[in-house]
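All chains are named by letter (A, B, ...) in the order of the sequence lines, taking the proteins before the strands, and each is independently numbered beginning at 1. If you're wondering where the values come from, they're calculated on a predicted model, not measured in any experiment.
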2 protein chains.
Amino acid sequence: MSTRAAAPTRREQILREAARLFAERGFHGVGVDEIGAAVGISGPGLYRHFAGKDAMLAELLVGISERLLTGGRRRVEEAGGNPREVLTSLVEGHIDFALDDRALITLHDRELDRLREADRKLVRQLQRQYVELWVAVVRELHPEVGETEVRVCVHAVFGLLNSTPHLAVLGRDATESLLRRLADGAFGALSG
Amino acid sequence: MSTRAAAPTRREQILREAARLFAERGFHGVGVDEIGAAVGISGPGLYRHFAGKDAMLAELLVGISERLLTGGRRRVEEAGGNPREVLTSLVEGHIDFALDDRALITLHDRELDRLREADRKLVRQLQRQYVELWVAVVRELHPEVGETEVRVCVHAVFGLLNSTPHLAVLGRDATESLLRRLADGAFGALSG
DNA sequence: ACGCTTTGTTAATGACCGTTAACGCGTATG
DNA sequence: CATACGCGTTAACGGTCATTAACAAAGCGT
């Protein structure tokens, strides 16, 4: 078998283009015809692959939330008991995500409210579990800081890391190491 | 004359509600009837005050960009030559803004692309000048760091400070002081 | 009292858009 | 070879929505 990635299925192709367009112009700002055109078919042809426009957004947001959470859990396990190393690994994973899937990160906190009740609830639950992962680790590192403050801090660092979508000017590695330092600095200021 | 603020004009009333609704559900996600209902008149009545829905968004985004820039410039002048104090003042001003006008901060980096070419260009120019204000100060404090890195750092700190919209759980003063510390920590890590 | 401006109203218009209907074509399967 | 299915197409439907038209009432200077 080949070592290269398999050709993307049509579904995946559609999801990628939809993510890009949704991130660029907002969920309500892009029509199904545009999404179709982006993958070489036209408008209603999408309905052979998805139940509707909503379903595409739902699959994108649920997918990214699940990937973030499972990735985070894996890193918590792998990095053993040392909270310092765990946090470093979580930051690294989040940065990778933000740099590799910029469109998804953008959608993640921008278009959540366009989901049906059930999907929105699911995504929010996954997001909350992901945050709790971080909060638990940071609390181990700063036991003297209140839980609420830690939670705000974690959200703020997410904001810091997710700011990458707005720029792509520095090289990938340089951006990654800079963001790592900035996040470290912010966390370090928690008990300073 | 009274020391209290004057009653808001209808225009201001409309702008405030429009900002809230746009931030909640996105520009394309809210209809003019909703905006009208929020101020007690109905749909088309808005056209006595604004040329159209686009004009409301434009006025909101241009207004906020101008206020950020002029506020920043004032602080740079007032804080004299000490870069450390200037940066502290800029951070404080930005936090005040983020906490007092959460809806506007959200719109500011979320709905820029829904503007007509001319307005978008103006807003971007104002935003750029605001960023340059920060970059100049930070470069004075960290002369050994490259300009691009500084710019990325400034954007990242904006992301950190603007993350407040997502939570209102901590008290106002506690949030402000926490954000100040986190921003300081991030900037401090620039030459760490 | 009169007419002008301001600020509303409701009804209509026209565009756009998500979705469904109806149909066609290749291809693998039995 | 037939046939069923996957994957498209174009045309039509229905609803939503921004915007305009036409009209009304209230304040106000003269």
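- Applying the side-chain contact (heavy atoms from CB on, under 4.5 Å) criterion to A/V76, with sequence neighbours excluded, gives A/V86, A/L90, A/L133.
- A/G31 comes within 4.0 angstrom of the backbone, heavy atoms only, and of no base.
- Applying the ring-ring contact (aromatic ring centres under 6.0 Å, His included) test to residues at least two apart or on different chains, none of the pairs has a partner in residues 168-190 of chain B.
- Within the structure, every pair that satisfies the side-chain hydrogen bond (donor to acceptor under 3.5 Å, both in side chains) test and touches residues 42-63 of chain A, not counting sequence neighbours, is listed here: A/R11-A/E59.
- The nearest whole Å value for the distance from the CG atom in A/L21 to the P atom in C/dG18 is 12 Å.
- For the pair B/H28 and C/dC16, the criterion of a side-chain N or O lying under 4.0 Å from OP1 or OP2 is not met.
- Pairs passing the ring-ring contact (aromatic ring centres under 6.0 Å, His included) check and including a residue from residues 98-124 of chain B, sequence neighbours excluded, do not occur.
- By the side-chain contact (heavy atoms from CB on, under 4.5 Å) test, B/E77 pairs with no residue at all, sequence neighbours left out.
- Across the protein-nucleic acid pair, B/L46 atom CG and C/dG8 atom P stand 9 Å apart, rounded to whole Å.
- Using a 4.0 Å cutoff to heavy atoms of chain B, the contacted part of DNA chain D runs 5' to 3' from D/dA18 to D/dC23.
- The side-chain contact (heavy atoms from CB on, under 4.5 Å) test applied to B/E78 returns B/R74, not counting sequence neighbours.
- Taking the screw axis at each terminus of the helix from C/dA1-D/dT30 to C/dG30-D/dC1 from five consecutive base pairs, the angle between the two is 10° to within rounding of 10 degrees.
- With sequence neighbours left out, B/H142 forms a side-chain hydrogen bond (donor to acceptor under 3.5 Å, both in side chains) with B/S191.
- Among the atoms of the strands shown, none is found under 4.0 Å from any heavy atom of B/V39.
- The 5' end of DNA chain C is approached more closely, in terms of each residue's nearest nucleotide, by A/G29 than by the other of A/P44 and A/G29.
- Sequence neighbours left out, the pairs with a member in residues 126-143 of chain B that pass salt bridge (charged side-chain N to carboxylate O under 4.0 Å, His left out) are B/E132-B/R151, B/R139-B/E147.
- Every pair passing side-chain hydrogen bond (donor to acceptor under 3.5 Å, both in side chains) that includes a residue from residues 90-104 of chain A is listed here, sequence neighbours excluded: A/R67-A/D101, A/R75-A/E92, A/E92-A/R180, A/H94-A/Y130, A/H94-A/N162, A/D96-A/R172, A/D100-A/R172.
- With a 4.5 Å cut-off on side-chain heavy atoms, B/L107 and B/F27 do not count as touching.
- Of the residues in residues 52-62 of chain B, those with a non-hydrogen atom less than 4.0 angstrom from any atom of DNA chain D are B/G52, B/K53.
- Distances shown here put every side-chain N or O of B/R48 at or beyond 4.0 Å from the OP1 or OP2 atom of C/dT5.
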